Protein chains: 2
Amino acid sequence: MVTIYEVSKAAGVSLATVSRVMNGNVKVSDRTRQKVLKAMAELGYKPNSIAQSLASNRSNSVGLLVSALHGSFFGNMMSTVEDVLRKAGKHVVITAGHSDEQQEKNAIEFLLDRRCDALILHAEAVSDEYLLELSQCDVEVVLINRRIEQMAERCFYTDNELGGYLATKAAIDKGHRDIAYISGPLFKQDAKERLEGHKRALREANITFDPELMVEGGFHEEEGAQGYLQLTAVNKPFTALICANDEMASGAMTAARERGVRIPEQLSVVGFDDVLFARYLYPKLTTIDNPIQKMGNGAALWVLEHVYKDKKSRHHTNLFAPKLIVRDSLVAPE
Amino acid sequence: MVTIYEVSKAAGVSLATVSRVMNGNVKVSDRTRQKVLKAMAELGYKPNSIAQSLASNRSNSVGLLVSALHGSFFGNMMSTVEDVLRKAGKHVVITAGHSDEQQEKNAIEFLLDRRCDALILHAEAVSDEYLLELSQCDVEVVLINRRIEQMAERCFYTDNELGGYLATKAAIDKGHRDIAYISGPLFKQDAKERLEGHKRALREANITFDPELMVEGGFHEEEGAQGYLQLTAVNKPFTALICANDEMASGAMTAARERGVRIPEQLSVVGFDDVLFARYLYPKLTTIDNPIQKMGNGAALWVLEHVYKDKKSRHHTNLFAPKLIVRDSLVAPE
DNA sequence: TTTACAAATGAAAGCGCTTTCATTTGCATT
DNA sequence: AATGCAAATGAAAGCGCTTTCATTTGTAAA
């Protein structure tokens, strides 16, 4: 491997000068720069990023924590983050937290050990206090899909309340009045907010929220199926079912169909997230677009701007608005 | 940050000794080891992985190239690879090649610049020659889902021919005789092999392969839909449709349904890969399990064993056998 | 006790860069 | 030509480790 030393010799300048033309932060005369660039090209020089990191105390790497590497929900976000950062020459170390407190902490620890310059976290299980403490360390921390007041400008999140509202509103607009709801786990902020939105939509339409038409699930498919069964068990008819995410909507649809219910004719279903497979479902799922990739983009730009002082990368907003995606699973009641 | 120097002072030993207890490759007397470990614990010492890398000429990082970060096909593999390697304290740098030659080369270049100790590549667009040349460099290269004779022991792949055979065989076993096939792009090895398997199954059942009942797609959903339309255009009836992957199966099913064809009663469909959403489709897709995560596991273990000399991590096989996943989309013809 | 040899430890030279600080160069002004 | 000052460059000290090689220590045999 050719080193900076050989370049400096070939170009007849000092190490410092070569370093300067590489980094471009200090003025170098044009004549010198050309000599150096020529030498680099001729020797096929590639800077050793590890040595750069050690000397500059910058690893040029960003840690990304997601709940799971598989599953459509995170795929797009990872994709966006990786894309933005790699184009800027940074690299992304991805870890999975599996929505488990200890595993999330381990993963963060790992990223810290790796001397990441910044962490982009989709942390679900870890407490606000832990994250606040973490942000006191010398890494920059930004949060995705979560909002903590004290670090609000580093949080990138969906307006979940609005999303929940839009989902239920869509059903109401179609003429539904008996609307059931399968919630996400209410210890999670986003699940709670979506439910709030649901309630607001009901209130605006003068429909009383009926606790018996609501069950709490865990965001997984099985719980959608279970939830549906629980809801039918109380013997209060409903013509529309709003689910706090697409997985549960899928489970509920399957369960309903197995019981001979025709969808959407006898039961309309609305999901949330618009993950990839939403359009593979039958009928294609009407859902709420959760702009997770935009959040990833925002977070990556924030990092470039604030950590790497990249002037061009300006992020513009922290709050992303969800919107209704109209497909086939929501129709007017019979 | 506390450095090795402070630890050595606190423990009253030299830098070298501290380094030795960390790495454990050279004998250190028990008494000394205890002193050092105590000092480390008390100071809360964390080795600086970047300095380690520079000094040892080992980055302890493994580059992983996939076609896309999103999509279910790669999710499981990334998940497995990350898991195995992180548990061994290595980190994974993930990049996406988007099935494009130039992008794949760029990504590999990036990983090389990052001084990865090994590369795990799911490279689709780059030539065999390029990969062979790459494997001459001082990184260790292993391939996923691809086989190159000259580096066979570093290749981890599915028996695609067998998979293709099993898919078609399953249809034949149900009594189908008129079987159409939507292939993947035939410049890709795996697509070609799957088609071979299809032909073998037909041959064994004394069914003549009819080129008109075969179209070549690009592994994407739309091409499944287009493919179906093309197949129906030739006016040769078929009762079963084998698709070279699940995406195209989904597309074909949608297209068929839109034309009023009942699935599986009027048309049986078999996919390939068993990606996550296969079970979300309606009807649930009968398909071939493509053990991509096992390949990821095998590749990761290989790296641990050969690059990091981890004795415990023995991989066992390079060739993975696919198997039939029976669900609802394949039934006997009417 | 002396000797021999292996085991344990330490001193110090890197690894390939960045960056500070001192020095030199170039250029406009007197 | 002499002066002053900013711009450009170079020398060298790290960054926090690993590893080689030399030295010291411990142990068993003579």
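Chain letters run A, B, ... following the sequence lines, proteins first and then strands; every chain starts at 1. Worth knowing before you read on, the calculation uses all heavy atoms, side chains too, and leaves out hydrogens, waters and symmetry mates. None of the values given here were measured: they were computed from a predicted structure.
- A donor atom on one side chain and an acceptor atom on the other are found under 3.5 Å apart for B:Asn106 and B:Gln102.
- A:Leu15 places its CG atom 15 Å from the C1' atom of D:dC15, with the value rounded to the nearest Å.
- Rounded to a whole Å, the CD atom of A:Glu6 is 11 Å from the P atom of C:dC15.
- As rounded to whole Å, 20 Å separates atom P of D:dC17 from atom CD of A:Gln52.
- Residues B:Ile4 and B:Pro47 are not in side-chain contact: their nearest non-hydrogen atoms beyond the backbone lie 4.5 Å or more apart.
- Distance A:Lys27 NZ to C:dT25 C1': 17 Å, rounded to the nearest Å.
- Taking atom CD1 of residue B:Ile50 and atom P of nucleotide D:dT18, one finds them 14 Å apart after rounding to whole Å.
- Side-chain N or O atoms of A:Glu104 include one that pairs as donor or acceptor with a backbone N or O of A:Glu124 at under 3.5 Å.
- Each of B:Thr32 and B:Arg115 was matched to the nucleotide of DNA chain C holding its nearest heavy atom; the match closer to the 5' end belongs to B:Thr32.
- Residue A:Ala16 has its side chain nearest to D:dA11 when only D:dA11, C:dA12, D:dT18 are considered.
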Contact list (N/O, under 3.5 angstrom) for nucleotides 26-28 of chain D vs protein:
none

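- In this structure, B:Glu109 does not pair ionically with B:Lys105, as no charged nitrogen and carboxylate oxygen lie closer than 4.0 Å.
- Within 4.0 Å (heavy atoms only), A:Val18 reaches no atom of the nucleic acid at all.
- B:Thr17 comes within contact range of the sugar-phosphate backbone alone, with a heavy-atom separation under 4.0 Å but no base atom that close.
- Backbone-only engagement by B:Met22 is indicated by non-hydrogen atom pairs under 4.0 Å involving sugar-phosphate atoms exclusively.
- One can place NZ of A:Lys35 at 7 Å from P of D:dG10, the figure rounded to the nearest angstrom.
- Rounded to 10°, the helix from C:dT1-D:dA30 to C:dT30-D:dA1 has 40° between the axis fitted to its first five pairs and the one fitted to its last five.
- The closest donor-acceptor contact from the side chain of B:Ser53 to the backbone of B:Arg58 lies under 3.5 Å.
- With hydrogens and angles ignored, a donor-acceptor pair closer than 3.5 Å exists between the side chain of A:Arg20 and the base of D:dG10.
- Candidate nucleotides C:dC15, C:dG10, C:dT19 were compared by shortest atom distance to the side chain of B:Val13, and C:dG10 ranks first.
- Distance, A:Ile4 CD1 to D:dG14 P: 19 Å, rounded to whole Å.
- Side chain of A:Ser49 to backbone of B:Asp113: a donor-acceptor contact under 3.5 angstrom is found.
- More than 12 non-hydrogen atoms from other residues, nucleotides or ligands lie less than 6.0 angstrom from CG of A:Asn25.
- Two residues, A:Ser29 and B:Pro47, neighbour DNA chain D, and the one matched to the more 5' nucleotide by heavy-atom proximity is A:Ser29.
- Between B:Ser53 and D:dC17, a side-chain N or O to OP1/OP2 separation shorter than 4.0 Å is absent.
- You'll find the side chain of A:Glu82 stays beyond 4.5 Å of the side chain of B:Ile94, heavy atoms only.
- Residue B:Ser14 places at least one side-chain N or O closer than 4.0 Å to OP1 or OP2 of C:dG10.
- Here A:Asn48 does not reach the OP1 or OP2 of C:dC15: none of its side-chain N or O atoms lies under 4.0 Å away.
- For A:Ser19, a side-chain nitrogen or oxygen approaches OP1 or OP2 of C:dT18 to under 4.0 Å.
- In this structure, B:Asp159 contributes its side chain and B:Ala321 its backbone to no donor-acceptor pair below 3.5 Å.
- Side-chain N/O atoms of B:Tyr5 include none lying less than 4.0 angstrom from OP1 or OP2 on C:dA11.
- Nearer to the 5' terminus of DNA chain C, by closest-nucleotide assignment, is the contact made by B:Arg33 (compared with the other of B:Arg33 and B:Asn57).
- Of the candidate nucleotides C:dT9, C:dC17, D:dT18, C:dC17 has the atom nearest to the side chain of A:Tyr45.
- A:Leu54 places its CG atom 17 Å from the P atom of C:dG14, with the value rounded to the nearest Å.
- Under the 4.5 Å side-chain criterion, counting only non-hydrogen atoms from C-beta, A:Tyr5 is not in contact with A:Val18.
- A:Asn318 places a side-chain N or O within 3.5 Å of a backbone atom of A:Cys155 that can act as its donor or acceptor partner.
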